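In each ligand, atom 1 is the first atom listed, and ligand 1 is the first ligand listed. Quantities reported herein were computed from a predicted structural model and do not represent experimental measurements.
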Amino acid sequence: MSRNKLAVVALGGNALLRGNQKGTNDEQNQNTLETLNNLVYLAEEGYNLIISHGNGPQVGNILMRNDAGDTMYDIPQMPLDICVADSQGGIGYMIERNLRNVLRERGINRNVITVVTEVAVRPDDPAFSDPQKRVGRIYEKKEADELNAKLGWEFKEEVKKPGGWRRVVPSPEPLDILNHELIKELAEAGNIVIAVGGGGVPVAIDEKGNVEGVEAVIDKDRASSLLGHKIGADEFYILTDVPFIYKDFNKPTQEKLEFLSLEEAKKYIAEGQFSKGSMEPKVQACVNFVENGGEKAIITEATKLEDKSFGSKISR
Ligand SMILES: NC(=O)OP(=O)(O)O
């Protein structure tokens with residue numbers, strides 16, 4: 001008897017929050033609903049599904065609330081691992097609630113469950129001395145300099161918007177997904193599982209097995225790719241704000257890349273075809289997934305998932 005296909009779908013970019021938006025509850029709710037309406041055909045086709053999501057803007061906002069609470073009301077600050085866990089709960093709930101409604105409207109009988117997921121990292125990962133993960137909103141240079149002087153926040157220029165500055169935090173490599181066997185079991189029983197939100201809550205595990213929180217934000221595409229590998233997923237989708245990946249992006253010779261072999265994807269990465277901190281880690285996450293036994297990985301726009309004429313497909 002053939003088993004249902006297992007897919008990991010990573011929601012990012014405009015799947016939850018569009019570039020020109022502030023991030024109100026209504027905005028995020030509407031974007032999430034639109035994305036889920038495009039995604040739910042996978043459930044209709046019988047896929048077993050795991051949904052992951054980014055948290056860059058949201059965890060940045062949580063950090064700002066941390067600072068505001070501390071300054072204005074003497075509320076103790078929470079460390080970044082707790083902030084990531086908060087973002088997993090909040091965003092997971094928003095996806096779960098909207099998905100329940102979409103499934104009901106389409107007459108699909110599937111349970112939805114959000115799993116707060118810890119992801120193991122090395123406490124001595126080199127990322128801790130070179131913070132690169134952009135979180136929160138975009139600032140003018142002057143504002144960024146003032147916040148750096150006042151609160152010690154570190155900033156780097158935004159990859160997608162040169163001239164804009166974003167707070168950066170360390171982003172270590174994900175090494176293991178805690179509870180991945182349970183996530184697989186839940187998904188293979190037909191439940192739609194929301195997991196490794198925001199790349200997972202970073203934790204370090206010592207030689208005795210003691211688990212400690214680590215202050216960082218893991219890249220959700222890397223963590224989602226690792227989860228896909230750990231559970232033997234067949235397909236891996238990254239939903240972003242462009243419908244394809246491109247060679248010579250934004251040049252007169254720009255060319256959309258619709259079907260890529262592993263070798264082609266690796267060659268384009270080596271040539272520096274994709275922007276660092278933006279498209280390159282997404283393509284690398286797809287390469288890792290397929291290299292580790294996944295059937296295919298697809299990068300497409302959040303609202304175009306159902307239309308198979310869109311999307312860049314990477315396979316062997
Ligand atoms: N954690 C993470 O990678 O979030 P974004 O995709 O929102 O940057």
Which bit of K133 gets closer than 4.0 Å to ligand 1, counting heavy atoms only: side chain, backbone, both or neither?
side chain

Salt-bridge criterion met for E154 and R166 (N-O under 4.0 Å):
no

Looking only at distances, can you tell me whether any N or O atom of R134, backbone or side chain, sits closer than 3.5 Å to an N or O atom of ligand 1?
no

Inter- and intrachain pairs under salt bridge (charged side-chain N to carboxylate O under 4.0 Å, His left out), touching residues 262-273, at least two apart
K266-E291, K267-E271

Give the single entry among G199, G12, G56 that approaches atom 5 (P) of ligand 1 most closely by any heavy atom.
G56

Which ligand 1 atoms does K220 reach within 4.0 Å, using its non-hydrogen atoms?
1 (N), 2 (C), 3 (O), 6 (O)

Note: ligand 1 atoms sitting under 4.0 Å from heavy atoms of G54 are 4 (O), 5 (P), 6 (O), 7 (O)

Would you mind checking if R106 and E44 are paired as a salt bridge, meaning a charged N to carboxylate O distance below 4.0 Å?
yes

Cationic tip of K304 within the cone over F310's six-membered ring, i.e. under 6.0 Å and within 45° of the normal?
yes

Within reach of ligand 1, part of V217 (heavy-atom separation under 4.0 Å)
side chain

So how far is it from I82 CD1 to I62 CD1, rounded to the nearest 0.5 Å?
11.0 Å

Min N/O separation G198 to ligand 1 under 3.5 Å
yes

Under 3.5 Å, side chain of K313 to main-chain N/O of G311, donor-acceptor pair present?
yes

All side-chain contact (heavy atoms from CB on, under 4.5 Å) counterparts of N292, not counting sequence neighbours:
H229, N288

Which of the atoms of ligand 1 are close to I218, meaning less than 4.0 Å from one of its heavy atoms?
1 (N), 2 (C), 3 (O)

Which ligand 1 atoms, with their elements, are less than 4.0 angstrom from a heavy-atom of P57?
7 (O)

